[in-house]
Each structure stands twice: as structure tokens, then as C-alpha cells.
Amino acid sequence: MKFRTICPTEDKYVEVIDQRKLPHEFVVVKLETYKDAEIAIKEMTVRGAPLIGATAAYGIYLAVREMIENELDPSFIDQAFSDLRASRPTAVNLFWALDKMLDALDNSSDFLRTSWEMAAQIVEEDIETCRMIGVHGLPLIETISVRKKGEVVNILTHCNAGMLGCIEWGTITSPIYQAIEKGIKVHVWVDETRPRNQGSNLTCYELTRHEVPHTLIVDNAGGHLMQHGFVDLVIVGTDRTTRLGDVANKIGTYLKALAAKDNEIPFYVALPSTTIDWTIKNGLKEIPIEERNQDEVRYMIGKNTAGNMDSVLICPETTNASNYGFDVTPAHLITKLITERGICDASEEGLLSLFPGK
Ligand code: MRU
């Protein structure tokens, strides 16, 4: 891996890639205040459940630093926690990371050092977690490859659950990268993932960098490809997984699961355990689904023929749009979950077999 999605700087701030500009421009942005981190999450300069959590963790470090340097009241830190908590609603890693930071600060007499070290630990743990998801997911791809006598394994994915949503490796891309390293032939169908096009912009960018053969498809093509035997396996990410195994992921994931079920194609979800919300059971009723600005649907952003980033209206000026960011795939549509501890059923028993005591 050549880069990380979030990096500490020498002067102890933090840098992130502005993912809104990919794949056309690689721009690095420095976060110097907790507000910078909050805005980066809200405006999706950074996105993807694990990276949102890591950015929020560094946001708390930045708040501690601002408080000390500007001799502010400690209530400044409380404000940072509450602003960061409100930055995006669905990915539970955000709340998990903030709780971890709060716990660490509650038990510390050196806030600056503790918050810096805990944010770094969250980052390092995610890298190892994603690597292990690859270790456990690789045999799935290997088995299909053997069954197909070494022919290409076709994997369909939705949104971006690659390294750009994490720190390194990514969740769904980790088994894919490890399969490629082993010489297994893999091809990825990439859903464009309207409205923000994380598939075409980010997943295609990553797969290109890693020289993974892939083809971009419109969001509605997956069902057709599955009906005609062009998909061997679906792997998607998740922003929040309930203790019964329901999964919230980018809008449109549910429809892929339905199509996979109808065509008897295995549908796997790759997840770091940091996306499990052990406090809830019913995904449909209990997972808050983000609603974003309608202009994300009404406009398309891309590079124009003059080579500049541009935004174009794709509906009449007066048309309103709805913009739900996520949907919930019920556990019964999921073949298995791939976690850092192994593969399990999408059920309470399955999850508890890997995470006893929860
Ligand atoms: O709105 P986004 O881009 O943050 O949504 C991201 C996803 O839906 C990913 O699949 C999920 O966060 C998993 S990232 C490993």
C-alpha cells in the first residue's frame, strides 16, 4: 500500500485526502481544528465508516490541542464531542471512536498525549482489522476460483468499501487484493453508486491503482448480470450492523441482496467489528438513515471536456429529489459476514460465536 487515507503531519496535525476530488485530482487537506474534522466528515471530504471514526478521533485530539493552546474552558471539549457526534448519523464507527476517546480522556491526566495516542491506535487497529478481513475472505474467492478451474472470479460490489473508506486495505478490497497477490484471477463489477458515485469515482480509482481488472456498471445493471451468470459473488461493506446481523450500507445495497437471493449468488458483507452496534437488534426500525441534500441527486459532478471539475443539473430546475443515503439489508438475505475474527452467519448466534461476551 502506497498511501494512507489519514496521516499525522510532522507538526502533529493531520492530513486527509479530499475524496470529493477523486479520481480527477489528488488533493491533500490539512485538518488543524476540530471544526475542520467535523466539516470534513459532514461534507464528505472523508467518508466510509472506519475513516469517519478515525477522523472524529483526531478531531477530539485537535479540540484538546486548541483548548490548551488558546487557554479555553474545558467545555470546549464537550462541544467538540457533541458537534462531531452530530456530523453523520448512520456509521456507528463515529460513535464508537468518540466513546473510545472519551473513555481514554476520562482516565488520563495528559489529555494531549492520550488523545493523540488513542487516535493513532484507532488507525493502526483498523489497518490490522482490514488485513485480517482479507485473510478470512480470501478462501471464499480461492474456492470459487478452484471450482471454475482457474477462470476469472467475478465479484460485484456497491459504493466504496475499499481503503478509501478505511485507512489501508479496505474491507471488501482486502480479500480481493490478497487474492490478486496470490495470482487468482479476479474481475470486479463496480456499481457507480448514485448519487455521489463512490463506485465510479473511488472504487474504480482504487482498483485502477492496484491494477485489479474491473468494469463500471450503472446501479441497475447488477440484476441482469446475475441472471446471466456473470457474477460469482457479491461483497459489500456496512456502516452499521445490528446484533441480529441486519446491515445498513449505501442506498441500493438491499436491491443487490434481493437480486443475489433470487439468483442463488452468495452475498457477503465484509465488516470490522467496529461497525457492529451491539445495542440494537432490528435494523429497519433502529438504524438512523441519513438524508442528504437533494442537490446531490439533482446534479452530477465530473470532469468536463475542458478538463475541469464541473457540476451539471440533470432534471428540470423545479423538480424535487429525495436523497436517502443508506438502506438496510435484513440478515436473512445475507449469506455470511466476514469479520476480522472469521466468517459467521448473519445472526446473533453467529456474531456471538466470534465475539463472545457481547
Ligand atoms: O456515504 P459513504 O460514502 O460514507 O458510505 C460508505 C459506505 O456505504 C461503505 O460501504 C461503508 O462505509 C463501508 S466502508 C469500509
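Whatever order the structure lists ligands and atoms in, that order sets their numbers, starting from 1.
Checking Asp110 against Ser108 by side-chain atom types alone, no donor-acceptor pair falls below 3.5 Å.
Residue-level contacts of ligand 1 at the 4.0 Å heavy-atom threshold are Met44, Arg47, Gly48, Ala49, Pro50, Arg88, Cys159, Asn160, Ala161, Cys166, Thr171, Gln198, Thr238, Asp239, Asn249, Lys250, Phe326.
A cation-pi arrangement, defined by a distance under 6.0 Å to the six-membered ring centre and an angle within 45 degrees of its axis, is absent between Lys21 and Phe26. A cation-pi arrangement, defined by a distance under 6.0 Å to the six-membered ring centre and an angle within 45 degrees of its axis, is present between Arg65 and Tyr13.
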Practice task
List the steps and the verdict of side-chain hydrogen bond (donor to acceptor under 3.5 Å, both in side chains) for Glu349 and Ser353.
Solution key: CA-CA 6 Å; Glu349 299 72 42; Ser353 71; over 6 Å; no
Handout entry: Check against side-chain hydrogen bond (donor to acceptor under 3.5 Å, both in side chains), Asn323 and Gln294
Key = CA-CA 6 Å; Asn323 190 8; Gln294 62 165 332; over 6 Å; no
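In this view, Cys7 and Arg4 satisfy the side-chain contact (heavy atoms from CB on, under 4.5 Å) rule, not counting sequence neighbours.
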